[in-house]
Amino acid sequence: MMRVQSLSEGGIAEVPPRYIQPPEDRPPIHDDVTVIDNRDEDNIPMIDVFGFDSEQRDAVRKVIGDACAKWGAFHITNHGVPFELLDQIRGVGLSFFKDYPVEDKLKYACDPNSPASQGYGSKMLRPEAEAETSTVLDWRDYFDHHTLPLSRRDPSRWPHFPSDYRQVAARYSDELKIVAQKLLGLISESLGLPTSCIEDAVGEFYQNITISYYPACPQPHLTLGLQSHSDMGAITLLIQDHVGGLQIFKDSQWITVHPQSHAILVILADQMEIITNGKYRSAQHRAITNSSSPRLSVATFHDPAKTAKISPASELISNSSPPKYREVKYGDYVSSWYTKGPKGKRNIDALLVNS
Ligand SMILES: O=C(O)CCC(=O)C(=O)O
Ligand SMILES: [Fe+2]
């Protein structure tokens, strides 16, 4: 089974055809991600949440509401997660990819036939897609961890090297769940909904942590680390290293998210768009590659149960504001996402009442 890291470290000068994006999806020509820059005022909001302190709640709720409406993504600081834990999860992740031979890592290979299976993977061609010349592979390897509910958490399936990997990942999962819950409370209130409204609509969190490793790429102008998509669940909390490469699509432009080592990037995902009846939209994003440095990110996804039925919150529906999305069973949404592939926001758009 091919891993992108092996291709990259093998020293190829040209990427194999399967990794070449169609011209319309290619990023602008660049040698280094820092070349694609944007002015500060165009960058995504940085919000101090003051440790979710109740005295600051009114002000924080207001700026979060604005950021959700305008961007669907924003950085938060003073989020309560210890900086050292953010550094540790990046550290163990990077060590797993960089310090150990691929043979050892392949013992954790995820099942290529079942989407979102836990373990070490790269985007693979589905057998039925093999003939589709349009299927392009991402320039990315990853490790996917099932972390919550606790009944899904089996650290024996996570890397045993470096030695503190499993302990760090478990602690990171617990801390990030708390942040996600607090954010959903603020986001609910920002729409005039009861604090628990969105969390109740999502139900018990199904949390997955994906550590992505994007090897250096000899032809960054032809590839994408991760193709354009919106996340399928409710809310994603992402941290990245200092390299940069994550971009958000806003007002018909790709905007690079500058790395902020101790801030957490909040990304609204598709179920939030449904629950808020489109008042807040999920953020479309992608990762570009570069020719000089490998890049690491840690994405923590919070999703509904597969059995959960998701529909616009009744409080937001009235004669003058009819439902914009059809109700969907989350498991059906996930299956269709994996069958069709992401391609921007086409999966959520398919649920629009007027589509
Ligand atoms: O690597 C990144 O910054 C983006 C990762 C991502 O979007 C995802 O895993 O869904
Ligand atoms: Fe994503």
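We count ligands from 1, going down the list as the structure has it; atoms in each ligand are counted the same way.
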Do [X] and [Y] meet the criterion of a side-chain donor-acceptor pair at a distance under 3.5 Å?
X    : Y    : value
S228 : K343 : no
Y333 : D270 : yes
H302 : N208 : no

Review point. Tracing side-chain links under 4.5 Å among I, L, V, M, F, W and Y, which residues wind up in one group with I317?
Key: none
Exercise for review: Kindly give the atom name of the N, O or S atom of H229 closest to the Fe ion (ligand 2).
Suggested key: NE2
Practice item. Restricting to N/O/S, name the atom of D231 that gets closest to the Fe ion (ligand 2). Key: OD1
Check your understanding: Got a sec, which pairs hit salt bridge (charged side-chain N to carboxylate O under 4.0 Å, His left out) with one end in residues 223-240, sequence neighbours left out?
Key -> none
**Study point:** Those protein residues which place at least one heavy atom below 4.0 Å from ligand 1
**Key:** R140, Y214, L226, H229, D231, L238, L246, H285, R295, S297, F301
Practice item. Please collect all ring pair (Phe, Tyr, Trp, His ring centres under 6.0 Å) contacts where either partner lies in residues 150-194, sequence neighbours excluded, each pair once. Key: F96-F161, Y100-F161, Y108-F161, H145-W158, H145-Y165
Point to revise | Electrostatic pair R171-E84, nearest N-O below 4.0 angstrom | key: yes
